[in-house]
Novice: 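Dropping a structure here in structure tokens format, bear with me for questions.
Letters go in sequence order (proteins before strands), and every chain restarts at 1.
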2 protein chains.
Amino acid sequence: MREFLKTKGYKMTPQRELVFRSFFELGEHVSVDELFDRVKRIDKAVGYSTVWRNLKLICEVGLAREVTVGDGVTRYDRVTRKPHGHFYCLNCKSLQEFDLNEIAGRLSKVATAEKFATESFKVEIEGVCQSCRDKENKKAKRTLSTSPKISRTKPSRQK
Amino acid sequence: MREFLKTKGYKMTPQRELVFRSFFELGEHVSVDELFDRVKRIDKAVGYSTVWRNLKLICEVGLAREVTVGDGVTRYDRVTRKPHGHFYCLNCKSLQEFDLNEIAGRLSKVATAEKFATESFKVEIEGVCQSCRDKENKKAKRTLSTSPKISRTKPSRQK
DNA sequence: TCACTAAATGAAAATCAATTTCAATAGCAA
DNA sequence: TTGCTATTGAAATTGATTTTCATTTAGTGA
Ligand SMILES: [Mn+2]
Ligand SMILES: [Mn+2]
Ligand SMILES: [Zn+2]
Ligand SMILES: [Zn+2]
């Protein structure tokens, strides 16, 4: 890792080391805040901007990609294996991955047909995950009179 | 229109009328700022928040959808005909649409297989559009020595 | 080992789109 | 008309992201 960065003109520092390691431990769909919390648990002197900058760097060198699902918080997704799309649960805000190889093929064709030089795909399915629907069903059984539907309102940017 | 809104408990006002009309005139992939500018040209007394709120309302009543391409600016897309995906040119930031009916079918299958209750799809192809590549090629012919590649850097949120 | 230089850091400030607040205004139903 | 409520516009707030800047540090090579 140190060597890898050195060839690109970057230096290795304890903070960078920690941020990188923490990111790869956390794995998928990590937000800056989540990573910052994680890093702070080990070294509370590390600054937010350091975490942010190193997350950007991880993307810069091609080890992660930004994922924006429209809830106002950018997540960072480790670049591994084959391309994948995301299920985004509007209720619990979780992300699940699904394979994209079949669909990617079709998208490539479309892009070629339209003379578009593809850099990447972004495929997202918004809806409600099974776990949320199960919970909802249980609740519905208890409360037969009213129908407390799952709120599918788009989340506000505020906490 | 007035009647349509009335049934949902909304009132019609000159400002609302103007915002709605302007939105449908502009058509596709409109940002709040763009719409605000347009509206202001006709009535400069209309406030930004009024435009914003009415754009939200247009979505609320199902006439438009938000489109987020990851450049930090939400666009609003008139809901028409069949579902479509977007080409997003990383160079000129333009959006082009492409048909999604074939791909949508596959996505539905994937969602069903994973017990996910789909609400909507979001399919985006990032890359460089033909027009941008043409310009680039012309430039390359003139300047044979250097190679002034198109910047594919993700745009900053700042103006 | 030592000194030098560019890169990196942390705190704070700035930016920016999005959203809310609030007092004043204006639809519209009765 | 009257009264109630939705709507408006300006300004303030929010929350994520990004930059600034003074200081520290990694890596280089004498
Ligand atoms: Mn992922
Ligand atoms: Mn569109
Ligand atoms: Zn869920
Ligand atoms: Zn272009």
Novice: Grab the two heavy atoms, one from A:V128 and one from A:C132, that are nearest each other, plus how far apart they are.
Specialist: CG1-CB, 3.6 Å
Novice: At what distance, to the nearest 0.5 angstrom, does CG of B:L5 lie from CZ of B:R2?
Specialist: 9.5 Å
Novice: Is any side-chain N or O of B:Q15 closer than 4.0 Å to OP1 or OP2 of D:dG9?
Specialist: yes
Novice: Just by distance, no angles: are the side chains of A:H29 and A:E34 close enough, under 3.5 Å, to form a donor-acceptor pair?
Specialist: no
Novice: Can you tell me how far CZ of A:R133 sits from SG of A:C89, rounded to the nearest 0.5 angstrom?
Specialist: 9.0 Å
Novice: Tell me which one of B:D99, B:D77, B:N101 satisfies side chain to side chain donor-acceptor pair (under 3.5 Å) with B:H84.
Specialist: B:D77
Novice: Report the distance from atom OG1 of B:T68 to atom CG of A:D71, rounding to the nearest 0.5 Å.
Specialist: 9.5 Å
Novice: Would one find a side-chain N or O of B:R2 under 4.0 angstrom from OP1 or OP2 of C:dC28?
Specialist: yes
Novice: Out of D:dG9, C:dT20, D:dC21, which has the shortest distance to the side chain of A:R53?
Specialist: D:dC21
Novice: So, is B:N54 near the phosphate of D:dT7, with a side-chain N or O under 4.0 Å from OP1 or OP2?
Specialist: no
Novice: Evaluate the side-chain proximity of B:T118 to A:F87: yes if any heavy-atom separation is below 4.5 Å, no if none is.
Specialist: no
Novice: Axis-to-axis angle across the helix from C:dT1-D:dA30 to C:dA30-D:dT1, five pairs an end, to 10 degrees?
Specialist: 30°
Novice: In this structure, how many angstroms lie between the P atom of D:dA26 and the CE atom of A:M1, rounded?
Specialist: 17 Å
Novice: From CG of B:L5 over to C1' of D:dT7, roughly how many Å is that when rounded to an integer?
Specialist: 13 Å
Novice: Within this structure, what is the NZ-to-P distance between A:K6 and D:dG29, rounded to whole angstrom?
Specialist: 10 Å
Novice: I need the CZ-P distance between A:R16 and D:dT24, as an integer number of Å.
Specialist: 19 Å
Novice: Hey, can you pull the residues of residues 39-49 of chain B with a non-hydrogen atom under 4.0 angstrom from DNA chain C?
Specialist: B:Y48, B:S49
Novice: Between NZ of B:K115 and CD of A:Q130, what distance do you get to the nearest 0.5 Å?
Specialist: 6.0 Å
Novice: In this structure, how many angstroms lie between the C1' atom of D:dT18 and the CG atom of A:L57, rounded?
Specialist: 16 Å
Novice: When the nearest nucleotide of DNA chain D is assigned to B:K11 and to B:P14 on a heavy-atom basis, which residue is associated with the more 5' position?
Specialist: B:K11
Novice: Determine: side-chain N/O of A:T50 to OP1/OP2 of C:dG10, distance under 4.0 Å, yes or no.
Specialist: yes
Novice: What's the CZ-C1' distance between A:F4 and D:dG27, to the nearest Å?
Specialist: 19 Å
Novice: When you check the gap from the basic side-chain N to the acidic O, do B:E3 and B:K6 get nearer than 4.0 Å?
Specialist: yes
Novice: Of the nucleotides C:dC28, C:dT20, D:dT8, which one has an atom closest to the side chain of B:W52?
Specialist: C:dT20
Novice: Check this for me, if you would: do A:E66 and A:K122 make a salt bridge, where the nitrogen-to-carboxylate-oxygen distance has to be below 4.0 angstrom?
Specialist: no
Novice: Starting from the C-alpha separation in whole Å, work towards a yes-or-no answer on salt bridge (Lys or Arg N to Asp or Glu O under 4.0 Å) for A:E60 and A:K8.
Specialist: CA-CA 10 Å; A:E60 203 86 5; A:K8 309 223 175 195; over 6 Å; no
Novice: Could you check how far CD of B:E34 sits from P of C:dA18, rounded to whole Å?
Specialist: 11 Å
Novice: OP1, OP2 of C:dT19 versus side-chain N and O of B:K56: anything below 4.0 Å?
Specialist: yes
Novice: Could you check which of C:dG27, C:dA18, C:dT9 has an atom nearest any side-chain atom of B:V32?
Specialist: C:dA18
Novice: Considering only side-chain heavy atoms of B:M12, which listed nucleotide, D:dT7, C:dC28, D:dA26, is closest?
Specialist: C:dC28
Novice: Give a yes/no on whether any side-chain N or O of A:T74 is located under 4.0 angstrom from OP1 or OP2 of D:dT17.
Specialist: yes
Novice: Can you find a donor-acceptor pair, distance only, under 3.5 Å between A:R75 side chain and D:dT17 base?
Specialist: no
Novice: Tell me which of A:V51 and B:Y10 sits closer to the 5' end of DNA chain C, going by the nucleotide each one is nearest to.
Specialist: A:V51
Novice: Separation of B:D71 atom CG from D:dA16 atom P, in whole Å?
Specialist: 19 Å
